[in-house]
Amino acid sequence: MLFVALPFYDSAIMVFFAGMLGASALEYITGVVMEKIFSIRYWNYIGTPFASKNGYISLPTSIVWGGLTLILTYVWAPWINSWIFDIRKTTEIIIALILTILFVSDTIMSVKTALNIKDTAQLISVINKEIEGIQDKLHAEVHRVWLEIPEETRSAIAESDTVEMLKEIHSELGEQRSKNADIMYRKYLELHTRREAVLQRVNWFMKQTIKGNPNATSTLAGFEHIRARIENRIEAGINILKEYKDDFK
């Protein structure tokens, strides 16, 4: 912002517009590149007045950038410059080295964390798709058998609890079809266990990144699953049979 504003130092209006346009351009480019690399949008202005169609920038935010450029150019920069010019060259070099190390370390950690979030979200998306496929197959199989069961037996099963319902359905399935349903259900449980193991990899840095960007969105379905887990919105346990039972009723 200083780089684009300082050539217009003698005109506060030009400084304002230079900062507003420069920062907005940087914000737009950064948003596009980050989404391309990480498959996640860490901010989204869609819904904000006068936002760009893709939500990378908005007029209210750009105006804030212009105001901050005025403060940076006429207040903060002169004060910081006067302080820097008063310290010894050796001290300047040491401070510069420390800040550079901190900046590079933070950048490396931030990129690594963002890539970890992307990889985790991608893996969970794949697992979720497999779970949905198993759910559809299991649901179809149970429904198919359900329709073959005599109506009076259906009524009795529908009034039983979930465990008893499973036993009753198995008794009506026949050995081979019962075995097929068991295989699908075990696969279903296995996928849930696998997804849980993936979610256990969500470390402190990933949690803080997602919490610090509450408006982040992604085309990866697994990203919302990670956020839901971090925000404790995922109930423990598997309720697939209960859901089926409610459908049958």
Side-chain angles (χ1 to χ4, degrees), residues 1-87 89 91-118 121 204-220 223-224 226-227 230-231:
M1 292 161 75
L2 274 176
F3 181 78
V4 297
L6 284 178
F8 308 102
Y9 188 84
D10 294 333
S11 172
I13 293 177
M14 290 300 296
V15 165
F16 174 86
F17 281 106
M20 182 180 77
L21 295 175
S24 296
L26 179 61
E27 185 177 37
Y28 188 94
I29 294 170
T30 302
V32 171
V33 173
M34 285 183 68
E35 184 174 8
K36 190 74 174 177
I37 295 174
F38 305 122
S39 299
I40 296 171
R41 299 186 61 162
Y42 282 95
W43 67 89
N44 193 340
Y45 295 126
I46 291 177
T48 302
F50 304 104
S52 62
K53 187 176 180 180
N54 50 27
Y56 288 120
I57 57 175
S58 71
L59 181 58
T61 309
S62 297
I63 291 173
V64 171
W65 290 135
L68 288 173
T69 303
L70 288 173
I71 296 173
L72 180 64
T73 303
Y74 297 116
V75 180
W76 292 343
W79 177 79
I80 292 173
N81 286 339
S82 64
W83 177 74
I84 290 175
F85 293 146
D86 285 340
I87 62 177
K89 191 70 175 178
T91 306
E92 274 189 21
I93 294 173
I94 293 173
I95 293 174
L97 285 174
I98 292 173
L99 292 177
T100 301
I101 292 171
L102 289 174
F103 176 80
V104 172
S105 300
D106 179 72
T107 301
I108 292 173
M109 182 57 67
S110 296
V111 171
K112 182 179 178 181
T113 298
L115 289 173
N116 285 341
I117 292 173
K118 174 187 176 181
W204 184 86
F205 293 103
M206 295 166 71
K207 290 179 180 178
Q208 294 307 309
T209 298
I210 293 174
K211 286 182 178 180
N213 296 276
N215 296 322
T217 58
S218 174
T219 54
L220 301 171
F223 178 74
E224 285 305 316
I226 296 172
R227 188 186 349 237
I230 291 173
E231 296 174 355

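The shown structure was predicted, so the numbers you read here are calculated from the model rather than taken from an experiment.
Taking CD from Glu92 and CD1 from Ile95, the interatomic distance works out to 7.5 Å, rounded to the nearest 0.5 Å. Atom CG in Asp106 sits 13.5 Å away from atom CD1 in Ile101 (nearest 0.5 Å). Here the CD1-CD1 distance, from Ile117 to Ile40, works out to 5.5 Å after rounding to the nearest 0.5 Å. Between the CD1 atom of Ile210 and the CZ atom of Phe205 there is a distance of 14.0 Å, given to the nearest 0.5 Å. Separating the CZ atom in Arg41 from the CE atom in Met34 is a distance of 11.5 Å, to the nearest 0.5 Å. One finds the CG atom of Leu115 at 9.5 Å from the OG atom of Ser39 (value rounded to the nearest 0.5 Å).
Scanning all heavy atoms of the two residues, the minimum distance from Thr69 to Ala5 falls at CG2-CB, 3.6 Å. Residues Tyr42 and Ala216 share a closest heavy-atom pair of CA-CB, 3.9 Å. Scanning all heavy atoms of the two residues, the minimum distance from Thr48 to Pro60 falls at CG2-CG, 4.2 Å. Residues Met20 and Ser62 approach most closely at CG-O, 2.9 Å, considering heavy atoms. Nearest approach of Trp65 to Met1, heavy atoms of both residues: O-CE, 3.3 Å. Taking each heavy atom of Leu72 and Pro78 in turn, the nearest pair found is O-CD, 4.1 Å.
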Side chain to side chain contact (heavy atoms under 4.5 Å, CB included), that's the test. Do Leu6 and Tyr9 meet it? Break it down for me.
CA-CA 5 Å; Leu6 284 178; Tyr9 188 84; 4.0 Å; yes
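Under a cut-off of 6.0 angstrom, the local environment of OH in Tyr74 is crowded, with over 12 non-hydrogen atoms contributed by other residues, nucleotides or ligands. Around CD1 of Ile13, the count of heavy atoms belonging to other residues, nucleotides or ligands within 6.0 Å does not exceed 12. Atom NZ of Lys207 sits in a sparse spot, with 12 or fewer heavy atoms from other residues, nucleotides or ligands closer than 6.0 Å.
Under the 4.5 Å side-chain criterion, counting only non-hydrogen atoms from C-beta, Trp76 is not in contact with Leu2. Inter-residue side-chain proximity for Phe8 and Val15 is flagged as met; some heavy-atom pair is nearer than 4.5 Å. Contact of the Tyr56 side chain with the Ile29 side chain is not registered, since no non-hydrogen atoms from C-beta on lie closer than 4.5 Å. The side-chain heavy atoms of Ile57 and Thr61, taken from C-beta on, include no pair separated by under 4.5 Å.
Using a distance-only test at 3.5 Å, with no hydrogens or angles considered, a donor-acceptor pair links the side chain of Lys118 to the main chain of Ile37.
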